[in-house]
Undergrad: 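Quick one: structure below, then a few questions.
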Amino acid sequence: PMKPSGVSCPAGQFLLQELRVAMNLAEPSVLPGVLQLTDWRAVDALAGEFQLRPMLYAMMLQKQLPSVPPEMAACWKREVAVQALLHMVYETEGARVLSSLNEQGFAPVLLKGFARMAELYGSSACRSISDMDILIRPADFPAVKQALLAQGFVLAVDDFYAPQAAAYEKFQAEQSYEASFKKSFAGVSLVLDVHWQLGAGWPGYEHLGIFALDRVDWQEQTEPFSFHGCEVRRLNLNAHFFHLVCHFGLHHRFSGLKWLHELCLLLERYDRQLDWDWIGETARQTGCTKLVGVTLRLVAEVLGPTHWL
């Protein structure tokens, strides 16, 4: 059996079983036996790393978890409250920013989490967030950058690169494929990651250049979508799935139960609606055949045998 990176320890095995319980693929009665091999402190630490504490809290409220220590339950409750505030900021201010970019003719495409969060999770309280991702046309980046700066955003520079901020900004514009912008509201920050390609290299991620992801015209693989009153676009279902696979495998290197869980939710809900011929052909064109295969094997470890494996 294949396991995603980082979950071979007992705490990781508990979280894997917890995902199965959350998706009604296993009974809550299996969890106490797995928990005997670890402890709540280890589970909580790994859940924090994988951004799964909000989901654990939701499961606790639904009485799907073994007895949780009161101090840990209180910690989870505080984290869910912080996430609720973040969601409010991203939904209101994010919609305003997307609407403004739309009005200026930039046609941003909403990527990943926010694009299908409501339909996959039901309650956004179960899904942690740290940023919002959009895709734009490469030629539009200089103008989009100026539009965001005019709205109070600043270019987010990693602490490591801060002493060479000007060189970092030049590299980002000329050789990178994305730029992060940040805007703060009374201690809460909205981070907007602006992508103009999905497969170019980046320090530490040069391996992305091996895969020809931008042979796909992603702008053509979109559909209209209403995001909190703002009419934008998102990747269609096939492209969304393919992009999540690439994000999980190439960016996170098959680590992170948050993304594995999201893939499981998407496949459980939309399996029969996906165009597997398009996905297979796109995988061949971009050199991602093995990447897709490995991801599906990992998903099958959670969902069980399926027709596409």
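As the structure is a computational prediction, the values presented were derived from the model and not from experiment.
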Undergrad: Between Q285 and E281, is the side-chain hydrogen bond (donor to acceptor under 3.5 Å, both in side chains) condition met? List the steps.
TA: CA-CA 6 Å; Q285 289 180 1; E281 180 58 29; 3.2 Å; yes
Undergrad: Test of understanding: with ring pair (Phe, Tyr, Trp, His ring centres under 6.0 Å), list the residues that count as partners of H247, not counting sequence neighbours.
TA: H251, H252, W259
Undergrad: Quick one: salt bridge (charged side-chain N to carboxylate O under 4.0 Å, His left out) partners of R269, sequence neighbours excluded?
TA: none
Undergrad: I'd like to know whether CZ of R137 has more than 12 heavy-atom contacts from other residues, nucleotides or ligands below 6.0 angstrom.
TA: yes
Undergrad: Transitively linked via ILVMFWY side-chain contacts under 4.5 Å: V188 with M132?
TA: yes
Undergrad: Let me confirm one number: the CG-OG1 distance from L291 to T286, rounded to the nearest 0.5 Å.
TA: 8.0 Å
Undergrad: Can you tell me if CD on E27 sees more than 12 non-hydrogen neighbours from other groups inside 6.0 Å?
TA: no
Undergrad: Look at the side-chain heavy atoms of Ile, Leu, Val, Met, Phe, Trp and Tyr, link any pair under 4.5 Å apart, and say whether V216 and W276 land in one connected group.
TA: yes
Undergrad: If only atom types and distance count, is the side chain of N102 paired as donor or acceptor with the main-chain N or O of E231 below 3.5 Å?
TA: yes
Undergrad: Hey, does the side chain of K183 reach the backbone of L192 with a donor-acceptor pair shorter than 3.5 angstrom?
TA: no
Undergrad: Can you check side chain to side chain contact (heavy atoms under 4.5 Å, CB included) on F242 and N238, steps first, answer last?
TA: CA-CA 6 Å; F242 192 83; N238 297 313; over 6 Å; no
Undergrad: Applying side-chain hydrogen bond (donor to acceptor under 3.5 Å, both in side chains) to Y270 and E119, what does each step give before you reach the verdict?
TA: CA-CA 11 Å; Y270 293 117; E119 60 202 66; 2.6 Å; yes
Undergrad: Working to the nearest 0.5 angstrom, can you tell me the gap between F248 CZ and L260 CG?
TA: 4.5 Å
Undergrad: What distance separates W196 CH2 from Y177 OH, expressed to the nearest 0.5 Å?
TA: 10.0 Å
Undergrad: For residues 32-51, which residue pairs qualify under side-chain hydrogen bond (donor to acceptor under 3.5 Å, both in side chains), counting only residues two or more places apart or in two chains?
TA: D44-R53, D44-W76, Q51-K258
Undergrad: Check whether L37 and V43 end up in the same hydrophobic cluster, where Ile, Leu, Val, Met, Phe, Trp and Tyr are linked by side-chain heavy atoms less than 4.5 Å apart.
TA: no
Undergrad: Examine distances only and state if a side-chain atom of H87 and a backbone atom of R127 form a donor-acceptor pair shorter than 3.5 Å.
TA: yes
Undergrad: Out of curiosity, L111 CG to I134 CD1, how far, rounded to the nearest 0.5 Å?
TA: 8.5 Å
Undergrad: For Q64 versus N24, what's the shortest heavy-atom pair and its separation?
TA: NE2-OD1, 4.4 Å
Undergrad: Report whether L190 and V154 are members of the same hydrophobic cluster (ILVMFWY, side-chain heavy atoms less than 4.5 Å apart, transitive linking).
TA: no
Undergrad: Atom CZ of F241 and atom CG of L263: how far apart are they, to the nearest 0.5 Å?
TA: 6.0 Å
Undergrad: At what distance, to the nearest 0.5 angstrom, does CG of L15 lie from CG of L56?
TA: 6.0 Å
